[in-house]
Amino acid sequence: QVQLVESGGDLVQPGGSLRLSCAASGSIISINVMAWYRQAPGKQRELVATINSAGMTNYADSVKGRFTISTDNAKNTVYLQMSSLKLEDTDVYYCYANIAPFTRRTTFQYWGQGTQVTVSS
């Protein structure tokens, strides 16, 4: 079974930096897309950043220029490097992946357990 395990959430001061990690494990033939979402209480889960198998990235306007998504393919891991953190970045961050566990033509969607990022002075 495929699992996504997140780590790196922490308390950080405004203007600080933090790196989130999400490692995929289990039966994996290919990973087509990995992404980071975040969700505040009472709000919709929102897309933060995506990266596909070709290395193409996309970012939400609110984080553009401050966050960077990247992968270590040998480790099946996606990272979110967060810089110049703001109070409004406080959220639970969720890892997402579209993965083919058995054949390239059959894919499934997986979610990490969530990791808390708190930006506070």
Side-chain angles (χ1 to χ4, degrees):
Q1 182 181 11
V2 173
Q3 292 187 93
L4 304 182
V5 179
E6 301 180 36
S7 62
D10 206 351
L11 172 66
V12 63
Q13 293 184 333
S17 298
L18 201 61
R19 188 178 76 159
L20 306 183
S21 300
C22 175
S25 63
S27 179
I28 299 172
I29 299 299
S30 64
I31 300 176
N32 300 305
V33 175
M34 300 192 86
W36 289 96
Y37 288 74
R38 64 186 182 185
Q39 187 171 26
K43 298 183 67 177
Q44 285 271 74
R45 186 170 298 185
E46 66 172 347
L47 180 64
V48 176
T50 66
I51 184 166
N52 67 14
S53 59
M56 294 290 294
T57 60
N58 284 285
Y59 298 92
D61 289 340
S62 59
V63 307
K64 200 170 300 180
R66 299 188 298 120
F67 291 11
T68 301
I69 187 170
S70 63
T71 59
D72 182 337
N73 292 331
K75 298 180 179 179
N76 289 328
T77 298
V78 63
Y79 304 96
L80 186 68
Q81 178 65 51
M82 304 182 292
S83 301
S84 302
L85 283 162
K86 305 174 180 179
L87 296 180
E88 52 263 43
D89 294 321
T90 295
D91 274 313
V92 177
Y93 285 71
Y94 295 91
C95 177
Y96 163 91
N98 179 271
I99 293 173
F102 301 109
T103 68
R104 289 185 177 272
R105 290 177 289 182
T106 304
T107 63
F108 297 89
Q109 294 73 50
Y110 300 91
W111 290 94
Q113 80 280 10
T115 185
Q116 177 70 51
V117 172
T118 302
V119 183
S120 177
S121 60

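Residue pairs satisfying the salt bridge (Lys or Arg N to Asp or Glu O under 4.0 Å) criterion with at least one member in residues 74-83, sequence neighbours excluded, are absent. For residues 53-84, there are no disulfide (SG to SG under 2.5 Å) pairs, not counting sequence neighbours. For residues 7-18, no residue pair satisfies the salt bridge (Lys or Arg N to Asp or Glu O under 4.0 Å) rule, not counting sequence neighbours. Sorted by first and then second residue, the pairs that involve residues 46-121 and meet disulfide (SG to SG under 2.5 Å), not counting sequence neighbours, are Cys22-Cys95. The salt bridge (Lys or Arg N to Asp or Glu O under 4.0 Å) analysis of residues 102-121, with sequence neighbours excluded, yields no pairs. Screening residues 102-121 for ring-ring contact (aromatic ring centres under 6.0 Å, His included) gives Tyr37-Trp111, Tyr96-Trp111 as the qualifying pairs, with residues at least two apart or on separate chains.
Every residue two or more places apart in sequence or in another chain was checked for a side-chain contact (heavy atoms from CB on, under 4.5 Å) with Gln44, and none qualifies. Scored by the salt bridge (Lys or Arg N to Asp or Glu O under 4.0 Å) test, Asp89 finds Arg38, Arg66 as partners (sequence neighbours excluded). Among residues two or more places apart in sequence or in another chain, the side-chain contact (heavy atoms from CB on, under 4.5 Å) test is passed with Ile28 by Val2, Ala24, Ile31, Asn76, Ile99.
Here the CD atom belonging to Glu46 is positioned 6.5 Å from the CG atom belonging to Asp91, to the nearest 0.5 angstrom. Note that CG of Leu4 and OG of Ser21 are 12.5 Å apart. Values are rounded to the nearest 0.5 Å.
Here the side chain of Ser27 pairs no donor or acceptor atom with the backbone of Gln1 at under 3.5 angstrom. Of the possible donor and acceptor atoms, none in the side chain of Thr118 sits under 3.5 Å from a partner among the backbone N and O of Leu11.
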What donor-acceptor contacts under 3.5 angstrom involve side-chain atoms of residues 12-19, with partners at least two apart or in another chain?
none

Please output the side-chain donor-acceptor pairs of residues 80-87 that fall under 3.5 Å, not counting sequence neighbours, one pair per line with the distance.
none

Please report, to 0.1 Å, the donor-acceptor pairs under 3.5 Å made by any side chain of residues 50-61, with sequence neighbours excluded.
{"from": "Asn52", "atom 1": "OD1", "to": "Ala54", "atom 2": "N", "distance (Å)": "3.0"}
{"from": "Asn52", "atom 1": "OD1", "to": "Gly55", "atom 2": "N", "distance (Å)": "3.1"}
{"from": "Asn52", "atom 1": "OD1", "to": "Met56", "atom 2": "N", "distance (Å)": "2.9"}
{"from": "Tyr59", "atom 1": "OH", "to": "Ile69", "atom 2": "N", "distance (Å)": "2.9"}
{"from": "Asp61", "atom 1": "OD1", "to": "Lys64", "atom 2": "NZ", "distance (Å)": "3.0"}

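Hydrophobic clustering keeps Val5 apart from Val92 (ILVMFWY residues linked when any side-chain heavy atoms are closer than 4.5 Å, directly or through intermediates). Taking hydrophobic clusters as Ile, Leu, Val, Met, Phe, Trp and Tyr residues chained together by side-chain heavy-atom distances below 4.5 Å, Val117 shares a cluster with Phe67.
Residues Tyr79 and Thr71 fail the side-chain proximity criterion, which asks for heavy atoms closer than 4.5 Å. Between Glu6 and Trp36, some side-chain heavy-atom pair lies under the 4.5 Å cut-off. Side-chain contact check for Ser7 versus Leu20: every heavy-atom pair is 4.5 Å or farther apart.
Taking both residues in full, the closest heavy atoms of Thr90 and Val119 are given as OG1-N, 2.8 Å, listed atom of the first, atom of the second, then distance.
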